[in-house]
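Accompanying notes for the structure given below.
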Protein chains: 2
Amino acid sequence: MPPRYTEDPTPAEWKILSLVWDEGPLAARDVLSSLEGETDWSTSTVKTLLRRLVDKGHLRTRKVGNSFLYSASKSPLRSLRRAGEDLLGRASGATVAPLLAHLVKNSGLDSAELENLRALIDRLAKEAEA
Amino acid sequence: MPPRYTEDPTPAEWKILSLVWDEGPLAARDVLSSLEGETDWSTSTVKTLLRRLVDKGHLRTRKVGNSFLYSASKSPLRSLRRAGEDLLGRASGATVAPLLAHLVKNSGLDSAELENLRALIDRLAKEAEA
DNA sequence: AGAGGTCGTCTACCTTTGTAGACAGTCGTC
DNA sequence: GACGACTGTCTACAAAGGTAGACGACCTCT
């Protein structure tokens, strides 16, 4: 495979990336301490992953003192949608529906979110009839 | 990272795997011809990927003449759900709902499937109230 | 039986990913 | 202004993933 232009995060990178998404701009040391207990990555490992995420364009840095603050450089939703589309692309016609059902079931949406989703489905259903 | 026990398919492997899911038991040569136009993988490449999928336990083989028929060895839905859970795990609380909305919108479900999904949501909403 | 085609296996090689040590710059503090 | 604590960069290396050639086993037609 010649060079890949998608630059999607790898599993290890996803871990760091979603952490940064969740906890706003973080310094390397914050990422490290947030990971404590979850992984046993060394300082170096985390710094490498952060650097690679910057190289791939997922994170940006802002210099503060002698260190960096890392923050998302693309909208999280955009990256997630991309990954989601890959997933859907792997499901065949017959598995798409049960897959979505499973995801909805396990997503822990609250009442309001469920309500919105139902509204969306109603809209789609109306279109599908036409 | 010590040996990984998940043995999830890689992107290239997914391509082959979902092809086999879709088109039932296939011989290597069928996979090859189905991929024509989509990728320009050589015979060897495809055979390597098939073998790796077998090694990882995603495909099983049945000998027929001097060749193999490859078919799924786990339920496709199961593998997809696993991948779906990874995806959800990467989304933070706030992004889960919009992500699901996007997926539903792009999933091309037909009326009946939408109906089922709505029924599921109604059930979940009822539980959420309690 | 021999030739030609097909098949899977072996082996290989480069890139990416996972993981981390060594080290030099910098910042605060005594 | 020197010391210690941190920080990011460089370098490294093994494992996984992507890609494919070489080759011997096997079938099939003549």
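In what follows, chains carry the letters A, B, and so on, assigned in the order in which the sequence lines appear, proteins first and then strands, with residues in each chain numbered from 1. Only heavy atoms go into these numbers, but all of them, side chains included; no hydrogens, no water, no symmetry mates.
Evaluation of the side-chain contact (heavy atoms from CB on, under 4.5 Å) rule for E13(A) yields P9(A), T10(A), L49(A), R52(A), L53(A), K56(A) as partners, not counting sequence neighbours. K47(B) meets the salt bridge (Lys or Arg N to Asp or Glu O under 4.0 Å) test with no other residue; sequence neighbours excluded. By the ring-ring contact (aromatic ring centres under 6.0 Å, His included) test, W21(A) pairs with W14(A), sequence neighbours left out. Applying the side-chain contact (heavy atoms from CB on, under 4.5 Å) criterion to D30(A), with sequence neighbours excluded, gives L26(A), A27(A). Residues forming a side-chain contact (heavy atoms from CB on, under 4.5 Å) with L32(B) (at least two apart in sequence, or on another chain): T43(B), V46(B). Applying the side-chain contact (heavy atoms from CB on, under 4.5 Å) criterion to S75(A), with sequence neighbours excluded, gives L77(A), R78(A).
Less than 4.0 Å separates DNA chain D from at least one heavy atom of each of the following residues of residues 20-42 of chain A: A28(A), R29(A). The stretch residues 59-72 of chain A touches DNA chain D through N66(A), S67(A), F68(A), each having a heavy atom within less than 4.0 Å of the strand. Applying a 4.0 Å cut-off to non-hydrogen atoms, the residues of residues 44-54 of chain B that approach DNA chain D are S44(B), T45(B), T48(B), R52(B), listed by residue number.
Applying the salt bridge (Lys or Arg N to Asp or Glu O under 4.0 Å) test to every pair with at least one member in residues 95-116 of chain B, sequence neighbours left out, gives these pairs: E115(B)-R118(B). Counting only residues at least two apart or in different chains, salt bridge (Lys or Arg N to Asp or Glu O under 4.0 Å) contacts with residues 34-46 of chain B comprise K15(B)-E38(B).
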Considering only distance and modelled atom types, tabulate donor-acceptor pairs under 3.5 Å from the side chains of residues 63-73 of chain B, sequence neighbours left out.
residue	atom	partner	partner atom	Å
S67(B)	OG	V64(B)	O	3.4
S73(B)	OG	G57(B)	O	2.6

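With rounding to whole Å, W14(B) atom CH2 is found 13 Å from dG18(D) atom P. Distance CD1 (I16(A)) to P (dA20(C)): 12 Å, rounded to an integer number of Å. Atom-to-atom, CG of D8(A) to C1' of dT17(C) comes out at 14 Å; the value is rounded to the nearest Å. With rounding to whole Å, K15(A) atom NZ is found 12 Å from dG18(C) atom P. Going from atom NZ of K56(B) over to atom C1' of dA16(D) covers 8 Å, rounded to whole Å.
Not a single donor-acceptor pair under 3.5 Å links the side chain of H102(B) to the backbone N or O of E85(A). Side-chain atoms of S107(A) come within 3.5 Å of backbone atoms of V104(A) as a donor-acceptor pair (strictly under, hydrogens ignored).
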